[in-house]
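Structure, as structure tokens:
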Amino acid sequence: WKVCVKLEDTAGNVTYGSSGAVVRDTVSPTLVTGSFVWTGSAADGYINDSEKAGSSALLTAATADETSTYSYGIVTSSTTCDGSLTYGASIPTASHAAFTGEVAYKACVRMEDLAGNVAYAASATDITRDTVSPSATMALANAASDGMINASEKASLSTAMGASPVGSETLSAATYKLVTSATTCDGSLSYGASIPAANSLDFGSDGNYKICMRLVDSAGNVGYSASGAIILDTTGPVFTSIAFANEASDGYINNSEKNATTDLVATPVTSGADATSYVVVANTAACNTATGYGATKPKVNDAAITADGPWKVCVKLEDTAGNVTYGSSGVVVRDTVAPNLASGFAWTGDASDSTSAVLIAAVATESSTYKYTILPLLGSCATASDYASGIPGADTTKITTDGGYLGCVEITDLAGNVTRTQSSTSITVDTVAPTATMALANAASDGMINASEKASLS
């Protein structure tokens, strides 16, 4: 617009003139889309701890739809961009004084056109100032769920020892390293993308370990945390021996012992075991594949001993890490069948004429020991109490008077089963010398023999 001027004098002369142009502009400037956007360290929507001291512009310059001057400010995301704020000529940096908390912020721009119209605009998006390093916890899992890795787990298990970390804030990345418990989790370690498994090559000698976590949050802050302790224990318990006890202490269970309820074995000699269990198996069975182990020592009458033959007690030792060692007793033989007389045990020598007692040694159907006695004919071998290891001779003190006698043998097998039996025949002891009378006859009938009788009579 302009102002025209008409000049007229008294004579009626007229002259025209005008002012310069004046612009009527009542429209405030408008921010052009695509300008005034976050850039640089704020391009990802965050200001992290390593960026907070930065001196580079966080935004591209604002551009209005008309010629304007610009000034800038930073406010929390809930604050309105208006004239009440303090603006500055420089585009804000990460070290701007308004960045004081760990919250969301926006940028404000004040635009003033040539007419003096003023408008305010805010950045299209907010950014979050987050300068706190993340932390996290990790629940131990799979083989390490009990906090321990034993020998068998270390040798074969390839599953991760921990669950995904749970962070103090949203994590954008996590990497891992298995280290000894004394090692500091920091940037000096080489981390990997996978949570270490029980068969990790980072395990060395037995001891305490942990999983270090390198954590990156959404703002790009880096933090370090560690799992709970993982105890590597690959040394199993040591089995030394276990002895048979009570009725089985001689290595046999015989017929009279088979129902005994006493302990079959003594306390085993071991070290390093936190749990001990037992099972009775056939002597040929392998202890490491046996089933039915129990914490109570088996009894002499254990139900597993179902028949005569060789048996053993398997011992399973386990420590808190789960390392298992197997051991076994020697062999105990269950033998409930008494021995039988196979041969021998007949009268011989001076007894062959039934006048004195001598016996042939007895031979049983299995390995046995023998004791003997001689009883009067009406005696009982089953109840006799004077058995002795030597075979009686004809001069035995067990023959006290003339009369009939029996030979008795007590046969005891290796298990202690006993059989008593008698000789198949008896003998008669007769120690009285015979007497007789004779009538003189023929030439001697007169009680005399003369010269002619002596010379010729036969």
Side-chain angles (χ1 to χ4, degrees), residues 22-137 165-174 187 213-225:
V22 62
V23 177
R24 182 180 186 268
D25 180 357
T26 61
V27 178
S28 298
T30 301
L31 185 67
V32 174
T33 301
S35 68
F36 197 52
V37 295
W38 297 106
T39 189
S41 58
D44 60 356
Y46 293 93
I47 299 295
N48 65 32
D49 188 58
S50 65
E51 299 164 339
K52 67 182 181 183
S55 58
S56 299
L58 294 180
L59 298 117
T60 60
T63 302
D65 59 352
E66 58 182 303
T67 302
S68 301
T69 57
Y70 307 92
S71 55
Y72 303 92
I74 293 291
V75 294
T76 59
S77 61
S78 61
T79 302
T80 301
C81 294
D82 58 23
S84 66
L85 305 179
T86 299
Y87 293 85
S90 299
I91 297 175
T93 66
S95 58
H96 193 282
F99 287 123
T100 58
E102 304 289 298
V103 295
Y105 291 87
K106 64 185 176 184
C108 293
V109 59
R110 181 184 183 276
M111 300 172 289
E112 185 174 351
D113 64 15
L114 297 178
N117 295 300
V118 176
Y120 301 91
S123 54
T125 58
D126 299 333
I127 63 168
T128 299
R129 184 177 187 269
D130 178 358
T131 63
V132 178
S133 296
S135 61
T137 58
V166 177
S168 56
E169 52 190 289
T170 302
L171 299 176
S172 64
M213 296 173 276
R214 182 183 185 274
L215 310 168
V216 181
D217 64 15
S218 299
N221 294 299
V222 176
Y224 300 91
S225 293

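In what follows, residues are counted from 1 in the order of the sequence shown.
The shortest heavy-atom contact between Trp38 and Asp126 is NE1-C, 4.1 Å. Across Glu51 and Ser41, no two heavy atoms sit closer than the pair OE1-O, 3.4 Å. The minimum heavy-atom distance linking Arg129 with Gly101 is given by the pair CD-O, 3.4 Å. Minimum heavy-atom separation, Val118 to Ser28: O-OG, 3.3 Å. The minimum heavy-atom distance linking Met111 with Ala64 is given by the pair SD-CB, 3.9 Å. Nearest heavy atom pair, residue Glu66 against residue Pro29, reads OE2-CA, 3.3 Å.
Within the model, atoms CD1 of Ile74 and OG1 of Thr79 stand 11.0 Å from one another, a figure rounded to the nearest 0.5 Å. Separating the OH atom in Tyr105 from the CD1 atom in Ile127 is a distance of 9.0 Å, to the nearest 0.5 Å. Rounding to the nearest 0.5 angstrom, the gap separating the OG1 atom in Thr26 from the CG atom in Asn117 is 6.5 Å. To the nearest 0.5 Å, the span separating CG on Leu31 from OG1 on Thr63 amounts to 7.5 Å. Interatomic distance, Lys106 NZ to Ser123 OG, rounded to the nearest 0.5 Å: 7.5 Å.
Note on ring orientation: taking the six-membered ring where Trp is involved, the planes of Phe99 and His96 are perpendicular (angle over 60°, cut-offs 30° and 60°).
Contact check for Asp130 versus Ser218: no side-chain heavy atoms found under the 4.5 Å cut-off. In this structure, the side chains of Tyr87 and Cys108 come closer than 4.5 Å at one or more pairs of heavy atoms. In this structure, the side chains of Leu114 and Asp25 stay at 4.5 Å or more apart for every pair of heavy atoms.
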Exercise answer: donor-acceptor pairs, residues 52-62 side-chain atoms, under 3.5 Å, sequence neighbours excluded:
from  : atom 1 : to    : atom 2 : distance (Å)
Lys52 : NZ     : Asp49 : OD1    : 2.9
Thr60 : OG1    : Phe36 : N      : 3.1
Thr60 : OG1    : Val37 : N      : 3.0

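Remark: Thr30 engages Asp65 in a side-chain contact (heavy atoms from CB on, under 4.5 Å) (not counting sequence neighbours).
Side-chain N or O atoms of Ser172 include one that pairs as donor or acceptor with a backbone N or O of Asp217 at under 3.5 Å. A donor-acceptor contact shorter than 3.5 Å is absent between the side chain of Asn221 and the backbone of Asn48. A donor-acceptor contact shorter than 3.5 Å links the side chain of Ser168 to the backbone of Ser135.
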